[in-house]
Amino acid sequence: MRASRLFFRTLREDPADAEIASHRLMVRAGLIRKVTSGIYAYLPLGQRVVRKVADIVREEMDRAGAQEVGLPIVQPAEIWRQTGRWFEYGPEMWRLTDRHGREYALGPTHEEVVTTLVAGEVTSFRQLPVNLYQIQNKFRDEVRPRFGVMRARDFVMKDAYSFDVDEAGMAASYAAMRRAYTRVFHRVGLDFRPVESDSGAIGGKVSEEFMALADSGEASLVVCEACGYAANVERAEGVPTPQEDAGPEPEKPLEKIRTPGVRTIEELVRGHGVPIRHTAKILFYHASYLGEGGPGRRELVAALVRGDRQLNEVKLKNLLGALSVELAPEDEVRRRTGAPFGSAGPVGLAGVDRLVADHEVALGRNFAVGANEEDRHYLNANAGRDFRPTETADLRAVAAGDPCPRCRSPLAGRRGIEVGQIFQLGTRYSTQLGAYFTAEDGTRRPAWMGCYGIGVTRTAAAAIEQRHDAYGIVWPISIAPFEVAVVPVHVDDEAQRHAAEEIYRTLLAAGVEALVDDRPERPGVKFADADLVGFPVRVTVGERALAEGSVDVTDRATRETVRVPLPQAAERVVERVRQARRELALRADRAEAALEAQAAG
RNA sequence: CGGGAUGUGGCCCAGCUUGGUAGGGCGCCGCGUUCGGGACGCGGAGGUCGCGAGUUCGAAUCUCGCCAUCCCGACCA
């Protein structure tokens, strides 16, 4: 490609609405332009990156035995009603109505469509297993689109769906996808980590997310450097820690004390000398449940966690089996329970549908809690004796420093960008949508499913988050829009133009993706643009080097330049590109081998 | 949905408090000088000041309504 004909333009200034590096740089480098909130146009440079990520994903999916299909973006409401997700999915699903008044959705995901498809085609165990995937635009009407393509309303996603005869088959398909994902993310050059995750609205039990590690990531992770445990904090298991090193103290008698003005745990600790591990806080939630084909009942739920802990709402939601949970407004809590907000507590609490407690509160002794009247707290409240939770569970949000649930070493906190997620779904969708087959023994059985997503456009953004500097993007070679930029310093200099063209043609002939910057711009402009867009290798053809029959070859990542004699220039660049490609491929191979060794051992 | 803010040439912004008919930088076009890290000079093009009402002799500026966008919180690949 010739820069003079390439449809692109770089910006000198940062766009006003870009918060994070990837968004800022994608706009400045001319990869994307915003069309409207959360919706972007991809210019040729950006589209090339998306295509290269997608091609890598496609290669690895094919390699893992999956088959590409094309599924519709517009999906009928009916199949979503069959699985209950027409309501369950909520306002994030982009709905539309045709001229006849029939309802549709723009696909946020494709379990319903693909399961319905398979239900019509698969009749025998002989047709299984099968894994179908597609790479396509997905639509989610995000509450708050932000960070450019990172959280867009229209994004490119690869989604795959596996169908197996039994649970073991599903697990095998899942493992194959896990290997494929590991290869994909190594090949695109990401620093990533698979973590245990909550399966959310899609359902199923086993689920892992592939997280690109980045401080700008929206997901909070905990990782154990000692044993390798890693989890999304939404999912991370809390290990109850004792209140005293010496072991539990005996139950003391319940005592009501005057606590004028005390409304928070800190005030209780500071003003009344209660150790924070002997405090418990109560939080009131509205839990909404799915009813018959639509919204169902709502409950007021009180939840108890130790005063030094935070509640994990995802755990609460899962415990309750609720569609959603949200903090209940103060006035309603007061109206229903009669308790003042800052002095509410579990002892003698009335008006709530359920009282759930974290393990630490159920196991601990002698808690200071609100007494449900103004300016009064209880000391030494004990579960079982003074209040009785309807359920006890792991409800606390795990934080950095907490013990690892596997090996008890302290966990470290990290931030991550979720670039992929894999699920073992089980038979929920196959049962609901009739994906049954006849087994070897003649019985009719539902297919065991897994589903597997990769955010293609998000992966491109994640790569930029991890790899950029003050000058611009530093692409991994596998997904760079072009691998090499050939920059003649002065295009009106015949010798320079000729040498640049020669190198450019040789690179193309060798299968290297090259761009020649033949624009009549000043050298500084061309260098700055090359750095901003982030081509991994730059070949500078200028008067200085040419005077000694050479050109300069610069590595974008290290910014190191070597002078190479003209006759060997193209060859050396080709070798450098091939070496860089090999490195990433090798990483994928090694990681896969390690996974296989792990599975075998 | 709550809370906050912003809409002024393609981009980044000033002007608004104190109404008087729109300005800078970048970018764009022409000419010249320049030319290994975002040049300089001269000349030029380009604006329904988000939209609609209102107040006023007169509105980018004041008032009301609407729309859009962004940021902070509750959701997610």
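Just so it is clear: chains get the letters A, B, ... in the order the sequence lines come, proteins before strands, and each one is counted from 1. Because the structure is predicted, anything quoted here is derived from the model rather than measured.
Judged by a 6.0 Å distance limit and a 45° cone about the ring axis, A/Arg95 is positioned over the six-membered ring of A/Trp86. Annotation: cation-pi pair A/Arg33/A/Tyr40 absent, no NZ/CZ under 6.0 Å from the ring centroid and within 45° of its normal. A cation-pi geometry, defined here as NZ or CZ lying under 6.0 Å from the six-membered ring centre and within 45° of its normal, does not hold between A/Arg140 and A/Phe155.
In this structure, NZ of A/Lys34 is placed 13 Å from P of B/A68, rounded to the nearest angstrom.
For B/G38, the base is not stacked against the aromatic ring of A/Phe527, per a cut-off of 5.5 Å between centres and 30° between planes.
Counted within 6.0 Å of OH on A/Tyr471, heavy atoms from surrounding residues, nucleotides or ligands total 12 or fewer; the atom is thus considered open.
Base pairing analysis places B/C1 opposite B/G73; the two distances defining the Watson-Crick or G-U wobble pair are each below 3.5 Å.
Applying the ring-ring contact (aromatic ring centres under 6.0 Å, His included) criterion to A/His110, with sequence neighbours excluded, gives no partner residue.
When the nearest nucleotides of RNA chain B are assigned to A/Glu19 and A/Met157 by heavy-atom distance, the more 5′-ward of the two goes with A/Glu19.
At least one side-chain nitrogen or oxygen of A/Lys317 sits closer than 4.0 Å to the OP1 or OP2 atom of B/C76. Dashed line: the shortest gap from a side-chain N or O of A/Ser37 to OP1 or OP2 of B/C70 is under 4.0 Å. In this structure, A/Arg144 reaches the B/C72 phosphate: one of its side-chain N or O atoms is under 4.0 Å from OP1 or OP2. At least one side-chain nitrogen or oxygen of A/Thr36 sits closer than 4.0 Å to the OP1 or OP2 atom of B/U69. Side-chain nitrogen and oxygen atoms of A/Arg12 include at least one within less than 4.0 Å of the OP1 or OP2 phosphate oxygen of B/G27.
Spacing between B/U8 and B/C13 at atom C1', rounded to whole Å, works out to 9 Å. Between the C1' atoms of B/C29 and B/U55, the separation comes to 43 Å (whole Å).
Counting only heavy atoms from C-beta on, A/Arg522 has its side chain closest to B/C35 among B/G38, B/C35, B/C75. Closest to the side chain of A/Glu313, out of B/A74, B/C12, B/A77, is B/A74.
If you check every strand for non-hydrogen atoms under 4.0 Å, A/Glu92 touches sugar and phosphate atoms only.
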